[in-house]
2 protein chains.
Amino acid sequence: MAINAENVKSQMRKGYLEYCILLIIAKKPMYVSDIITELKEAQLIVVEGTLYPLLSRLKSSGILGYQWQESLQGPPRKYYELTDDGRQFLAELEEGWEEIKNVVELIKNKNI
Amino acid sequence: MAINAENVKSQMRKGYLEYCILLIIAKKPMYVSDIITELKEAQLIVVEGTLYPLLSRLKSSGILGYQWQESLQGPPRKYYELTDDGRQFLAELEEGWEEIKNVVELIKNKNI
DNA sequence: ATAAATACCTTGCGATACAAGGTACTAAAA
DNA sequence: TTTTAGTACCTTGTATCGCAAGGTATTTAT
């Protein structure tokens with residue numbers, strides 16, 4: 001029930017997590033560990049339990065596809081990549097993100 | 001189950017809605033209708049059913065306080081205002097927001 | 001064989017936006 | 001005086017999603 005800053009920051013993260021993940025996969029096909037590493041480099045900590053369901057949803061919505069690929073050390077990996085629909089979708093998120101930045105700026109600067 | 005852009009945009013909104021609301025109340029005490037109007041002006045559509053529980057949570061967490069105030073036409077209104085803790089909290093959200101903008105920029109610009 | 005490392009996935013929980021519906025007060029019209 | 005309209009407050013139920021915790025499967029080294 002109580003609200004704390006961490007809580008809200010985590011709420012903020014929810015919103016743009018999908019966006020960030022798609023930005024990363026858009027560059028080149030990636031599997032879960034790669035994605036987590038990339039996010040961590042950008043200071044965005046995400047765990048497996050978050051990522052697997054999210055990727056599955058994006059897959060079944062036709063935004064992502066994947067290919068199995070052998071690994072040199074361990075079981076095969078699922079490399080996710082954007083579909084054409086996925087690129088379209090990412091473009092829309094891009095817009096959404098710009099809108100949000102706009103809204104916050106508008107509110108901040110009003111009556112100042 | 002299906003994912004669409006509207007859905008995700010609404011997810012994005014969730015994250016920074018609290019931030020925007022606090023930014024608005026920080027300027028001067030406001031009651032629900034005022035807040036909705038301000039948000040609408042910034043293109044952020046929010047309904048009562050969202051706002052009331054959110055304000056209650058912020059109140060019981062000590063981030064907001066309120067004062068009843070008579071209205072010229074209708075029942076009295078609850079004017080919410082930031083407490084000292086609330087200002088501290090808002091400052092933390094400010095940081096969180098800057099961090100998020102940073103993360104997105106980092107991911108966007110990596111390997112370009 | 002067994003253990004360790006790596007990879008995939010699922011279940012249960014808590015948080016929260018939103019739709020829909022409800023209560024209460026004021027003032028003006030019937 | 002009753003009724004209606006307007007304004008304000010609040011609650012309940014639903015769906016979604018991040019995350020912690022736990023589980024399964026494959027490969028490689030001991």
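In what follows, every chain begins at residue 1, and chains take the letters A, B, ... in the order their sequences are listed.
At the phosphate of D:dT7, neither OP1 nor OP2 sits under 4.0 Å from any side-chain N or O atom of B:S33. For the OP1/OP2 pair of D:dC19 and a distance below 4.0 Å, the side-chain nitrogens and oxygens of A:T50 include at least one atom meeting the criterion. The shortest distance between the side-chain N/O atoms of B:Y31 and the OP1/OP2 oxygens of D:dC9 is not below 4.0 Å. Residue B:R57 places at least one side-chain N or O closer than 4.0 Å to OP1 or OP2 of C:dA17.
Of the candidate nucleotides C:dT6, C:dT10, C:dA17, C:dT10 has the atom lying nearest to any side-chain atom of A:P53. You'll find that the side chain of A:R77 is closest to C:dT6, out of D:dC9, C:dT6, C:dA17. Nearest to the side-chain atoms of A:L17 among the listed nucleotides D:dG18, C:dA7, D:dA8 stands D:dG18.
Separating the OH atom of A:Y79 from the C1' atom of C:dT6 is a distance of 12 Å, rounded to the nearest angstrom. Regarding B:I21, its CD1 atom lies at a distance of 12 Å from the P atom of C:dT16, rounded to whole Å. One interatomic measurement links the two molecules: OH of A:Y80 to P of C:dA7, which rounds to 14 Å at whole-angstrom precision. In this structure, the NZ atom of A:K59 is 15 Å from the P atom of C:dC8, given to the nearest Å. B:E18 places its CD atom 6 Å from the P atom of C:dT16, with the value rounded to the nearest Å. The distance from atom OH of A:Y16 to atom P of D:dC17 is 17 Å, rounded to the nearest whole Å. Across the protein-nucleic acid pair, A:I35 atom CD1 and C:dT6 atom C1' stand 16 Å apart, rounded to whole Å. As rounded to whole Å, 12 Å separates atom P of C:dA7 from atom CH2 of A:W68.
In this structure, B:I63 CD1 and B:D84 CG are separated by 12.5 Å, a value rounded to the nearest 0.5 Å. Atom CD1 of residue A:I24 and atom CG of residue A:L44 lie 7.5 Å apart, to the nearest 0.5 angstrom.
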Completion exercise
5' to 3', nucleotides 22-30 of chain D under a 4.0 Å protein heavy-atom cut-off (B base, S sugar-phosphate only, - none) gives ----BSS--

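Legend: residues meeting ring pair (Phe, Tyr, Trp, His ring centres under 6.0 Å) with A:Y80, ordered by chain and number and at least two apart, are A:Y66. Under the rule for a ring pair (Phe, Tyr, Trp, His ring centres under 6.0 Å), A:Y16 has no partner lying at least two apart in sequence or in another chain. In this structure B:Q67 satisfies the side chain to side chain contact (heavy atoms under 4.5 Å, CB included) test together with B:E81, sequence neighbours excluded.
Sorted by first and then second residue, the side-chain hydrogen bond (donor to acceptor under 3.5 Å, both in side chains) pairs with a member in residues 40-53 of chain A read A:E41-B:K110; sequence neighbours excluded.
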Return a table of donor-acceptor pairs under 3.5 angstrom between the side chains of residues 87-94 of chain A and protein atoms on other chains or two or more places apart.
| from | atom 1 | to | atom 2 | distance (Å) |
| --- | --- | --- | --- | --- |
| A:E94 | OE2 | A:Y19 | OH | 2.9 |
| A:E94 | OE2 | B:K108 | NZ | 3.0 |

